[in-house]
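All ligand and atom numbering here is 1-based and tracks the order in the structure.
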Amino acid sequence: MFELNFEINQFLDTYWQKKPALIKQGFVDFQDPIAVDELAGLAMEEDLESRLVYQQDGTWQAELGPFKTFDKLENDGATLLVQAVDHWHPDAQQLVRPFRFLPNWRIDDLMISYSTPKGGVGPHIDNYDVFIIQGQGKRHWRVGERQELPEFAAHGALKHCAEFEAAIDVEMEPGDILYIPSGCPHEGYAVEPSINYSVGFRAPDQNDLLSSFTDYNIDNNEDALRYTDIPMQVREKPGQIEQVELEKIHQVMLESCKTPEHLMPWFGRMISEAKHDLDIAIPDQAIECEDIIAFLEDGAQFTRLGGLRAVYFQQSPEQVFINGDAYDFTGFTDLAPCLCDQDETASELVEIFKDAPEALALFTHLVNRGYWYAE
Ligand code: SIN
Ligand code: CO
């Protein structure tokens, strides 16, 4: 449905995580996959994260959804933002697919904003990479190179940065794509009522990784290494911690990360967890293995639920991690790429299920959990 119109390898070499880029007509003949009233409808739901940003008497205001009314959008200078729309709107989800030239585990979600003329969230710096696609209308965007800038709260829920020099200064038109690496200041204000789509990427920081790894170890590592003393002598200064003791403490901490056997099961679970709610619909009646075969014979294809995260490791495709849980694919490892690399699958499943009834049983279980569905 959406096809990128630029040299991807050249983009990756020159720009990815290095510098901002404007890709004029990155999508040719771009058609919005969602209407403004549909977006507003989603912003009325409890399950979605939404925000309204506007200025009142010269001061920035931000309200968190869900919203009952959208009076603010009747005036200029307002923006409605809805997070993880790809989880709830299959047509909007199509817009994430062209960006799967980067691995799924790095992709976060699709945020969609609607702005009335002059609407924007103000100058700011995000700590993630993002592609911003212009839908209907026009918006004036300014983006600076990566730089350190003072940041401050323009409102309790709105962090801004100081003024910056723009490396890109452009009026975006439908189908234009702006790539903004993490750490680059940017601001965009609508020229006409405007829809913007943001495909965001996630990169965990050390604190995210270590706290999650420690949580995993608390549950799974009964043999946690404990501090033991260095050879002891009578201490003249009992209030003092000796340097060698501190070093030994540090050593015990570092040893915790030297457990390669924990790395995959922990990271697979962590990275496959959804950050935003999923639109999970459990089938009313349990689906049986025969039903799956019947669907496939009817020519149906199975689609992975929007936003569902399913990953496997290069060196271990028999362990598959789906929505924070580990599944054993031993004996039918060709099912892993089929479910994790592809958004839709059909004919490959028929082949795999022919030889491996356990694969069919497991897939049936996943369908009953609402993770894959047939149209
Ligand atoms: C917006 O669409 O208004 C905000 C997108 C962003 O700056 O990250
Ligand atoms: Co931003």
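Near Arg139, with a cut-off below 4.0 Å to any heavy atom, the atoms of ligand 1 are 1 (C), 2 (O), 3 (O). Ligand 1 places these atoms under 4.0 Å from at least one heavy atom of Asp126: 8 (O). Within ligand 1, the atoms closer than 4.0 Å to a non-hydrogen atom of His124 are 6 (C), 7 (O), 8 (O), numbered from 1 in the order shown. Set against the non-hydrogen atoms of His186, the atoms of ligand 1 under 4.0 Å away are 6 (C), 7 (O), 8 (O).
Looking at Lys354 and Glu351, a side-chain N of the basic residue comes within less than 4.0 Å of a carboxylate O on the acidic one, giving a salt bridge.
Angle subtended at the Co ion (ligand 2) by Asp126 OD2 and His124 NE2: 110°, rounded to 10 degrees.
For Tyr189, the heavy-atom gap to ligand 1 stays at 4.0 angstrom or more. Residue Arg51 places no heavy atom under 4.0 Å from ligand 1. Assignment of Glu187 to the shell around ligand 1 is not supported, since no heavy atom sits closer than 4.0 Å.
Checked by atom type and distance alone, the side chain of Gln134 pairs as donor or acceptor with a backbone atom of Gln136 at under 3.5 Å. Of the possible polar contacts, none joining the Asp129 side chain to the Phe201 backbone as a donor-acceptor pair under 3.5 Å is found. For Glu49 (side chain) and Pro66 (main-chain N/O), no donor-acceptor pair under 3.5 Å exists by modelled atom type. The main-chain N or O of Asp205 is found under 3.5 Å from a side-chain atom of Asp208 such that the two form a donor-acceptor pair.
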For Phe353 and Phe332, what are the C-alpha separation, side-chain angles and deciding distance, and is it a ring pair (Phe, Tyr, Trp, His ring centres under 6.0 Å)? CA-CA 9 Å; Phe353 296 160; Phe332 45 88; 8.8 Å; no

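From the protein, the heavy atom lying nearest to atom 2 (O) of ligand 1 is Ser113 OG, 2.7 Å.
Counting heavy atoms closer than 4.0 Å to ligand 1, residue Trp141 contributes side-chain atoms (C-beta onward) but none from N, CA, C or O.
Residues Phe30 and Asp176 fail the side-chain proximity criterion, which asks for heavy atoms closer than 4.5 Å.
Checking only distances, Thr79 never comes within under 3.5 Å of ligand 1, N or O to N or O.
Connection of Phe2 to Phe6 is established within a shared hydrophobic cluster, with ILVMFWY side chains joined at heavy-atom distances below 4.5 Å, either directly or through further cluster members.
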